[in-house]
Amino acid sequence: MLKTDLIAQHFIDRGIKLEGSVVEDHDRGGYLVFVTVETDKTGKQVPSNYAISKVEKAAEKELGIIRVILLRRGDEDISASIKSMIMRQYADDVRNVFSSVNRGKVSVWVEPKSATNKQKSNEIRASIAGMLEYFGLGLNEFINTSELNLPSDTVCLNTIRRKSPVSLDDIVSELGRRGFEVPGQDWLLRRLDRWRRNQLIHRKQDDLYVMTVKGLTILGSGKNRRSPDVVRALELASWKH
């Protein structure tokens with residue numbers, strides 16, 4: 001039996017359905033396995049990344065290098081596929097992955113757990129570029145965020161404090177004006193959502209962001225409810241549009 005058939009059978013026997021045949025990657029070595037994933041009624045991916053990764057690693061021990069490519073539909077799903085592949089292959093090196101698709105060109109930002117060397121960074125870049133080829137897409141930009149001047153949480157929150165009520169686009173613009181680099185709106189949105197859950201900021205009905213009393217207090221505003229900052233926060237948070 002051909003090795004491609006053995007790899008396919010390994011996945012199928014463990015409940016992972018494949019899309020098409022396993023392909024030998026002559027350029028980079030190893031084999032490409034295409035798995036179609038769906039989202040169930042609860043919003044969870046089926047099969048899960050954990051299930052796919054478990055089968056993938058077991059197959060590699062017996063059959064050599066294997067790269068699983070998840071097949072989805074739409075630009076958002078392309079970004080999800082990129083993230084899923086990188087988080088499975090480089091779980092020890094990468095904390096998060098952000099990407100955007102524009103007219104067949106993809107920009108990717110990788111946030112490492114610690115500073116990565118050039119060799120590892122190039123390896124991750126090559127994996128992404130190779131996967132995109134099978135979607136008929138090109139890698140427009142690859143950025144390792146450890147090489148960027150990222151804004152800290154305090155810098156971002158102080159920007160909201162000074163500019164509120166402020167939109168997502170205006171936060172990005174202001175941070176850029178101050179010399180900081182934001183690796184895509186998704187990167188910032190995740191932080192905004194975390195600060196909202198922690199009740200440091202409030203998003204109004206018109207999608208503008210304002211500080212909360214708790215957020216202002218943590219940033220150093222006085223706890224007196226008559227403080228100008230606190231009064232403003234209470235007023236802005238209560239507006240309904």
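We use all heavy atoms of the structure for the numbers below, so side chains are in, but hydrogens, waters and symmetry mates are not.
When side chains are defined from C-beta on, Val166 does not count as touching Glu174, because their heavy atoms never get closer than 4.5 Å. Between Asn144 and Val110 there is no side-chain heavy-atom pair separated by less than 4.5 Å. Residues Ile82 and Leu132 have side chains in contact (heavy-atom distance under 4.5 Å, counting atoms from C-beta outward). Side chains of Leu192 and Arg203 form no contact here, defined as non-hydrogen atoms less than 4.5 Å apart. Contact check for Leu18 versus Val35: side-chain heavy atoms found under the 4.5 Å cut-off. Looking only at side-chain heavy atoms (C-beta outward), Val155 and Arg178 come within less than 4.5 Å of each other. Contact check for Leu175 versus Cys156: side-chain heavy atoms found under the 4.5 Å cut-off. Considering only heavy atoms from C-beta on, Leu200 comes within 4.5 Å of Lys214 through its side chain.
Connection of Phe142 to Leu137 is established within a shared hydrophobic cluster, with ILVMFWY side chains joined at heavy-atom distances below 4.5 Å, either directly or through further cluster members. Leu208 and Val213 are members of different hydrophobic clusters when ILVMFWY side chains are connected at heavy-atom separations under 4.5 Å. Taken together through direct or relayed side-chain contacts under 4.5 Å among Ile, Leu, Val, Met, Phe, Trp and Tyr, Val46 and Phe11 form parts of separate hydrophobic clusters. A single hydrophobic cluster is seen to contain both Leu32 and Ile128, as judged by linkage of ILVMFWY side chains at heavy-atom distances under 4.5 Å, directly or through other members.
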Assess whether side chain to side chain contact (heavy atoms under 4.5 Å, CB included) is satisfied between Arg191 and Val182, documenting all intermediate values.
CA-CA 12 Å; Arg191 280 151 181 77; Val182 176; over 6 Å; no
Residue pair Arg161, Leu219: steps toward the side chain to side chain contact (heavy atoms under 4.5 Å, CB included) verdict:
CA-CA 9 Å; Arg161 174 185 182 178; Leu219 285 179; 3.9 Å; yes
After noting the C-alpha distance and the side-chain angles of Leu168 and Asp207, does the key distance pass the side chain to side chain contact (heavy atoms under 4.5 Å, CB included) rule?
CA-CA 8 Å; Leu168 174 65; Asp207 290 333; over 6 Å; no
For Lys83 and Phe98: C-alpha separation, side-chain torsions, deciding distance, then whether side chain to side chain contact (heavy atoms under 4.5 Å, CB included) applies.
CA-CA 7 Å; Lys83 180 174 181 177; Phe98 311 92; over 6 Å; no
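Within 6.0 Å of CD on Gln199 lie no more than 12 heavy atoms contributed by other residues, nucleotides or ligands.
Val106 approaches Leu139 most closely through the heavy-atom pair O-CD1, 3.4 Å. In terms of heavy atoms, Val210 sits closest to Ser164 at CA-CB, 3.8 Å. In terms of heavy atoms, Lys105 sits closest to Asn140 at CB-CB, 3.7 Å. Across every non-hydrogen atom of Met85 and Ser127, the tightest pair is CE-O, 3.5 Å.
The CG atom of Leu157 sits 4.5 Å away from atom CH2 of Trp195, with the distance rounded to the nearest 0.5 Å. Between the CD atom of Gln119 and the OG atom of Ser121 there is a distance of 11.0 Å, given to the nearest 0.5 Å. Annotation: the span from Glu111 atom CD to Ile143 atom CD1 amounts to 13.0 Å, rounded to 0.5 Å. Rounding to the nearest 0.5 Å places CD of Gln89 at 6.5 Å from CZ of Arg67. Tyr209 OH to Asp170 CG: the interatomic distance, rounded to the nearest 0.5 Å, is 12.0 Å. Considering CD1 of Ile16 and CD1 of Ile52, their distance stands at 5.5 Å, rounded to 0.5 Å.
Considering only residues two or more places apart in sequence or on other chains, Arg14 meets the salt bridge (charged side-chain N to carboxylate O under 4.0 Å, His left out) condition with none of them. Taking the side chain to side chain contact (heavy atoms under 4.5 Å, CB included) definition, one finds that Lys120 meets it with Tyr90, Asp93, Thr116, Asn117, Glu123, Ile124, sequence neighbours left out.
With hydrogens and angles disregarded, a donor-acceptor distance shorter than 3.5 Å links the side chain of Thr212 to the backbone of Gly215. At least one donor-acceptor pair closer than 3.5 Å links the side chain of Lys113 to the backbone N or O of Ala91. For Ser53 (side chain) and Asn49 (main-chain N/O), no donor-acceptor pair under 3.5 Å exists by modelled atom type. Checked by atom type and distance alone, the side chain of Arg196 never pairs as donor or acceptor with a backbone atom of His202 at under 3.5 Å.
No cation-pi contact links Arg190 to Trp187, judged by a cut-off of 6.0 Å to the six-membered ring centre and 45° from its axis.
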Run the side-chain donor-acceptor check on residues 54-63: report pairs under 3.5 Å with partners two or more places apart or on a different chain.
residue, atom, partner, partner atom, Å
Glu56, OE1, Arg88, NH1, 2.7
Glu60, OE2, Ile66, N, 3.0

